[in-house]
Amino acid sequence: MSDGAAQRDAPGSSLFRQPLQIGTKRIENRLFLAPMAGLGHIALREVIADFGGHGLLFTEMCNSRALPHENRNVSTVFRWRDAELPHLVCQLFGDDPEKMAAAASRVAAEGFFGVDINMGCSVSGICKQNCGAALLKNPRLAIRIIRSVKDSVSIPVFVKFRTGWTDDPGFAVRLAKMFREAGADALTFHPRVAPDRRSRPPKWEYIRKVKENVDIPVFGNGNVFDETDYRAMFTVTGCDGIAIGRIAVAKPWIFRTWTEGFQPPPDIYEFTALKMVDRLETHYETDVAVKLFKKFALYFAGNFRFGHSVYKQLCRGNSLDAIRENIQHVFERVQESVDRPNMNLFSA
């Protein structure tokens, strides 16, 4: 990266850089990476960490049935760098309280900051297993899972959830209260109904309703793409912090920008894409690394006005060397970037 990077006072840094107690632990930065399947892997987290400015990072969803016996050097999802453990939360999915507790115990034993229970994923393959957002249809089971996990660990227990399966904020509030009573130390709330992936905007006002009814930290999630968005989310919801997803994939330096005032130089896109290739190559076999880069590239291309063309060019070939050549070719000329992401790509 060239020396054109600069620092300034971040307009919203005071919103994020305030200490907060979560269970038995304290955090200094309230801007998190949201858990994302296929995207929040060790390579992305390392790129984000290289830029800095982040608070907690979350792993991808990890299967609670497999996790107690997972090998961190083999698993594509239950994999981490020791340096990130002090601010890394492992997300689990499952429908068996005992197996979820066993998985959480392994997470705690490895030294993670916390454990997160997934009750937000609405992908059919997860819901058909009675996991993710499907648990919102069975609050009694959801409560048993939280209690079982809480009883098995001393690290903070997070729960990420959606509004439910119908558009009823009252139900979300009742869930939040039950989650708190069951032992959750913090909640991450994505205010969309489970069947609605991204066809309609999240209803941020529902986050406020949840926040007003529980005495534990509540983190807002959903469609926060720029400084205007995060200021509005804090204002509308009164949330304790924000978990960002897709924009963190597109701009891994965004944490440093929003918390420290980092101004990215003109070569930030080429620099970041090449760094992602290098990190993927470090942590994965070639075929897996190529597959993961192509998932990353879809959101990364959302930075550009002609993002579909950029995406197609980045993804040619099936080797990391070919991808490096693609990146260099794409950025031989300046690509016209956009202030807000290309939602045709971000809707994937």
Side-chain angles (χ1 to χ4, degrees), residues 12-36 40 45 48-49 52-59 61-62 80 83-92 100-101 103-120 142-143 145-161 172-173 175-191 207-208 210-222 224 230 233-234 237-245 248 255 258-259:
S13 62
S14 61
L15 298 173
F16 293 118
R17 299 177 73 90
Q18 299 179 35
L20 180 68
Q21 192 74 21
I22 302 179
T24 58
K25 297 187 179 182
R26 173 184 164 108
I27 60 170
E28 306 295 331
N29 182 320
R30 303 185 184 203
L31 183 61
F32 298 175
L33 173 69
M36 295 176 288
R45 300 196 308 266
I48 290 171
H54 59 285
L56 295 177
L57 302 175
F58 283 66
T59 69
M61 291 187 299
C62 296
W80 66 90
E84 65 181 332
L85 282 173
H87 49 257
L88 183 61
V89 179
C90 181
Q91 187 182 72
L92 303 176
M100 286 286 282
S105 295
R106 167 81 190 276
V107 169
E110 294 288 0
F112 282 73
F113 177 95
V115 61
D116 183 49
I117 301 172
N118 184 310
M119 297 190 191
I143 296 307
I145 288 173
I146 295 171
R147 284 178 176 158
S148 185
V149 169
K150 182 65 176 178
D151 288 345
S152 70
V153 300
S154 60
I155 59 176
V157 175
F158 296 73
V159 178
K160 185 175 183 200
F161 71 112
V173 169
L175 283 175
K177 289 180 177 180
M178 289 188 290
F179 294 165
R180 167 66 180 93
E181 292 172 2
D185 295 300
L187 305 174
T188 303
F189 182 42
H190 184 86
I207 300 175
R208 174 171 287 279
V210 167
K211 173 59 187 171
E212 290 175 343
N213 282 277
V214 295
D215 61 354
I216 55 175
V218 175
F219 299 91
N221 174 239
V224 176
Y230 75 62
M233 178 172 275
F234 275 122
T237 72
C239 63
D240 295 285
I242 296 175
I244 57 174
F255 297 88
W258 290 356
T259 64

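- Counting heavy atoms from C-beta outward, Val89 and Leu57 have side chains that stay 4.5 Å or more apart.
- A salt bridge is absent between Glu181 and Lys177: the closest approach of a Lys/Arg side-chain nitrogen to an acidic carboxylate oxygen does not fall below 4.0 angstrom.
- Of the inter-residue distances, the one linking Asn29 atom CG with Leu56 atom CG reads 8.5 Å to the nearest 0.5 angstrom.
- For Phe161, the ring-ring contact (aromatic ring centres under 6.0 Å, His included) partners at least two apart in sequence or on another chain are Phe179, Phe189.
- With a 4.5 Å cut-off on side-chain heavy atoms, Thr188 and Val159 do not count as touching.
- The two residues Pro86 and Ala83 make their nearest non-hydrogen contact at CD-O, 3.5 Å.
- Partners of Phe219 by ring-ring contact (aromatic ring centres under 6.0 Å, His included), not counting sequence neighbours, listed by chain and number: Phe32.
- Looking at heavy atoms from C-beta onward, Thr259 lies in side-chain contact with Phe16 at the 4.5 angstrom threshold.
- For the pair Leu31/Arg17, no side-chain contact is recorded, criterion being any heavy-atom separation below 4.5 Å from C-beta on.
- Atom SG of residue Cys90 and atom CG of residue Leu85 lie 10.0 Å apart, to the nearest 0.5 angstrom.
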* Show your working on side chain to side chain contact (heavy atoms under 4.5 Å, CB included) between Cys239 and Met233 and close with a plain yes or no. => CA-CA 8 Å; Cys239 63; Met233 178 172 275; 4.0 Å; yes
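- Remark: Ser14 OG to Phe234 CZ distance equals 9.0 Å, nearest 0.5 Å.
- Arg147 is linked by a side-chain hydrogen bond (donor to acceptor under 3.5 Å, both in side chains) to nothing, counting only residues two or more places apart in sequence or in another chain.
- Counting only heavy atoms from C-beta outward, the side chains of Thr24 and Pro156 approach each other to under 4.5 Å.
- Closest of all the heavy-atom pairs between Phe255 and Gly52 is CB-O, 3.7 Å.
- Closest approach of Val115 and Ala104 over heavy atoms only: CG2-CB, 4.2 Å.
- Residues meeting the side-chain hydrogen bond (donor to acceptor under 3.5 Å, both in side chains) test with Glu110, sequence neighbours left out: Arg106.
- Remark: Phe113 CZ to Ile155 CD1 distance equals 9.0 Å, nearest 0.5 Å.
- No side-chain heavy atom of Ser148 sits less than 4.5 Å from a side-chain heavy atom of Met100.
- Across all their heavy atoms, Ile22 and Pro217 have their closest contact at CG1-CG, 4.2 Å.
- Identified under the salt bridge (charged side-chain N to carboxylate O under 4.0 Å, His left out) test for residues 149-161, with sequence neighbours left out: Lys150-Asp185.
- Residue pairs satisfying the salt bridge (charged side-chain N to carboxylate O under 4.0 Å, His left out) criterion with at least one member in residues 22-32, sequence neighbours excluded, are listed as follows: Arg26-Glu28.
- Here Arg180 pairs with Val214, Asp215, Ile216 under the side-chain contact (heavy atoms from CB on, under 4.5 Å) rule; sequence neighbours left out.
- Looking at heavy atoms from C-beta onward, Leu92 lies out of side-chain contact with Asp116 at the 4.5 angstrom threshold.
- No option in Ile143, Val173, Ile146 other than Ile143 meets the side chain to side chain contact (heavy atoms under 4.5 Å, CB included) test with Met178.
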* Asked: Where do Val107 and Val153 land on the side chain to side chain contact (heavy atoms under 4.5 Å, CB included) test, with the steps shown first?
  -> CA-CA 9 Å; Val107 169; Val153 300; over 6 Å; no
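- When all heavy atoms are compared, the tightest approach of Ala34 to Ala243 is CB-CB, 4.0 Å.
- For the pair Lys211 and Asp240, the minimum side-chain heavy-atom distance is below 4.5 Å.
- Note that CE of Met36 and CE of Met61 are 12.0 Å apart. Values are rounded to the nearest 0.5 Å.
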* **Worked check of side chain to side chain contact (heavy atoms under 4.5 Å, CB included) between Gln21 and Ile27** => CA-CA 6 Å; Gln21 192 74 21; Ile27 60 170; over 6 Å; no
* To do: Dump the intermediate steps for side chain to side chain contact (heavy atoms under 4.5 Å, CB included) on Leu88 and Phe58, then the final yes or no.
  => CA-CA 6 Å; Leu88 183 61; Phe58 283 66; 5.9 Å; no
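- Listed here is the closest heavy atom pair of Arg208 and Gly238: NH2-N, 3.6 Å.
- Note: Leu33 CG to His87 NE2 = 10.5 Å, rounded to the nearest 0.5 Å.
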